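So that the names make sense, note that chain A is the first sequence line, chain B the second, and so on, each numbered from 1. As a basis for the values below, the full set of heavy atoms in this structure was taken, side chains included, without hydrogen atoms, waters or symmetry mates. These figures come from a predicted structure and were not determined experimentally.
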Amino acid sequence: MRNTQRSQKIAFFFLFLATLLIVIPVGLIVVIIIQKGWPAINWQFLTDIPRQGMRAGGIFPAIVGTFYLVLGAIIFALPIGLLAAIYLSEYAKDNILNRIIKLAIINLSGVPSVVYGLFGLALFVVFFKFGASILSGSLTLGIMILPIIITTSREALESVPQSFREVSLSLGASKWQTIRHIVLPNAIPGILTGTILGLGRAAGETAPILFTVAAFYLPQLPKSIFDQAMALPYHLYVISTQVPNVDEKIRYGTALVLLTLVLFMNLIAIIIRYNFRKKKKW
Amino acid sequence: MVKFNAKNLNIWFGQIHALRGVNIEIEANEILSVIGPSNSGKTSFLRMLNRLNELHANFKMSGWMEFDGQDIRKIDIEGLRKRVGMVFALPLPLPLSIFENVAYGVRMHGEKKRARLSEIVERALKQAYLWDEVKDRLGVSAFKLSGGQQQRLCIARTLAVNPEVILFDEPCSGLDPISTAKVEEAMLKLKKDYTIVLVTNNVKQAARVGDRTAFFLSGELVELDRTEKIFTAPSDKRTDGYIRGEFG
């Protein structure tokens, strides 16, 4: 009896310790970034172009650039990813080929992002001649987040109970009507979760945009999708390692803005998801 | 008139031989009860009638199955399922309101006018003896109803499409005796206008509502006869044993 209680206490201790080990670093990162970055945040920092070789002024072009890139990536990846997920979960037969395809897609999300960057450089920048541009960068980021969106959307579609499909079909609805009216509406919260994960990843990655869009220093806003643009993660890299004597608070301020931007985009998706969940009736 | 006609029907799910050489005719406007222990093939037989078995990836069939004198495989599948409705074992409302659940099938077949839909929903709910209980809250989620009400909602949903045949797959297995009595009452009234095939685990229910009763065992149709005959003087001793509860 005493033995059982002791092993329970030990198990609890280790489980709690593991959780603590995860929470503390995350908490510390957030605290340090806010502490060191907050003094840099003011209206000029958020709305002005970088000045004096990025040692003063603001980061507005980088904020706008990241926003465009993420938006472009989602516009490209969400519809294609969703359609592919519908095909794979609802129409594709369960055979070896399709299992390999599904496995390949899952594994693609583990490919290092610099590989996607090289791929984007070869395909969009050079072959399609889009040049280093927002279009090339968005497409590259889009391809990078496609596996995440496909995998999570597929799981969301497959978690809709089979019985709902049978009921709909038994009433004489076609397969597409069943997907459109029964399966999709009930899978939306899960699909949005995938989109949230994709958003965060697209906003934060440096390597894929390095070769395809990011400008070292561009003190103006992009005028079209064929322009180069600055982006927050790359800008952070530049002012941290490439430009000497940049004030620490500017670096942490940039990190804080990037963090807030990702959080803000996630929040929007979470609110949409929450509203759909509330409507869910089972 | 013969509604369904199966000749030497065999079906497989992968390696499993689920129906073995079944020959059966189902008459219009009768209630055919199908009884048998679990894994006897009775549900597989039922799902043959609206081709729901074809959802199974490894489904195969041989033999002949016709509906209204037509090869069932040649009838377009949505059209067939519109004419052959189904009520499932568990109450399975769709995640929609009461109104939208009943209107669902009709909507999918292209009806858009709100007034016409309201008319159809009201008629179907009345036929399923549910109208009085839900008429003031048609907009609420179907999941707010009790189990027995949900099952009658599912019957109403099937009726709204205006089928010729209704397949019941153990419709009362999750219901209390009072709800069961209400569902059985609805079935007996529906017989006038519809052909009904009732798969049931409850032998007494088969005796109460069936005109004819079919007994399945291990994928074979053992015996098919008038219900009184099956329950008083079955000609096969396996039927006799099952009815008297010797195996189940």
Side-chain angles (χ1 to χ4, degrees), chain A residues 86-103 153-193 272-282, chain B residues 14 46-47 49-58 75-98 100-110 139-145 150 153-154 156-163 165-167 169:
Chain A
I86 292 174
Y87 175 76
L88 286 172
S89 81
E90 305 293 325
Y91 287 96
K93 291 209 167 62
D94 188 26
N95 56 30
I96 298 276
L97 179 69
N98 283 316
R99 272 188 226 170
I100 292 173
I101 291 176
K102 284 177 191 176
L103 197 66
S153 301
R154 236 189 62 219
E155 277 162 12
L157 292 166
E158 280 165 8
S159 73
V160 176
Q162 182 65 18
S163 53
F164 286 169
R165 292 165 226 248
E166 290 191 354
V167 165
S168 173
L169 293 170
S170 81
L171 289 165
S174 69
K175 186 164 185 167
W176 172 243
Q177 284 177 322
T178 301
I179 293 169
R180 164 78 188 71
H181 294 279
I182 299 298
V183 182
L184 260 186
N186 289 295
I188 283 179
I191 292 166
L192 284 174
T193 306
I272 299 173
R273 184 173 64 172
Y274 175 76
N275 280 324
F276 271 105
R277 282 234 173 107
K278 233 177 23 188
K279 275 201 283 180
K280 194 159 151 179
K281 288 173 178 136
W282 47 279
Chain B
L46 195 72
R47 289 161 76 94
L49 303 177
N50 66 349
R51 289 176 60 184
L52 219 49
N53 281 333
E54 289 170 30
L55 294 181
H56 196 286
N58 299 314
I75 305 174
D76 91 282
I77 202 155
E78 285 93 26
L80 173 75
R81 287 175 181 156
K82 188 167 178 284
R83 292 166 69 191
V84 183
M86 185 170 212
V87 177
F88 292 82
L90 294 169
L92 282 173
L94 294 168
L96 302 166
S97 69
I98 295 173
E100 287 304 325
N101 256 281
V102 183
Y104 181 79
V106 193
R107 266 196 207 282
M108 291 305 112
H109 298 127
V140 308
S141 163
F143 291 95
K144 293 270 193 293
L145 298 174
Q150 287 186 6
L153 179 75
C154 294
R157 184 175 62 193
T158 306
L159 293 173
V161 185
N162 203 14
V165 183
I166 306 174
L167 312 174
D169 183 9

Check each atom of [X] against the heavy atoms of chain A and say whether the ones under 4.5 Å are side chain, backbone, both or neither.
X        : answer
B:Arg157 : both
B:Val84  : backbone
B:Pro93  : backbone

Notebook entry, point to check: With a cut-off of 6.0 Å (strictly less than), are more than 12 heavy atoms of other residues, nucleotides or ligands near CD1 of A:Ile96?
Noted result: no

Notebook entry, point to check: So, do A:His181 and B:Leu94 sit near enough that their side-chain heavy atoms are less than 4.5 Å apart?
Noted result: no

Item checked: Validation row: A:Gln162, B:Leu55 side chains within 4.5 angstrom (heavy atoms) -> yes

Checklist line | Distance, nearest 0.5 Å, that separates CG of A:Leu171 from CZ of B:Arg107 | finding: 13.5 Å

Margin query: Using 0.5 Å steps for rounding, measure from the CZ atom of B:Arg51 to the OG atom of A:Ser170.
Written below: 14.5 Å

Check: Hey, which of B:Arg83, B:Arg47, B:Glu78 has the most heavy atom pairs under 4.5 Å with chain A?
Finding: B:Glu78

Notebook entry, point to check: When heavy-atom pairs shorter than 4.5 Å are enumerated against chain A, which of B:Leu92, B:Asn50, B:Leu80 gives the highest number?
Noted result: B:Leu92

Might you point out which heavy atoms bring [X] and [Y] nearest each other, and give the distance in Å?
X        : Y        : answer
B:Pro95  : A:Asn186 : CG-ND2, 3.4 Å
B:Tyr104 : A:Gln177 : OH-O, 4.1 Å
B:Met108 : A:Ala173 : CG-CB, 3.8 Å

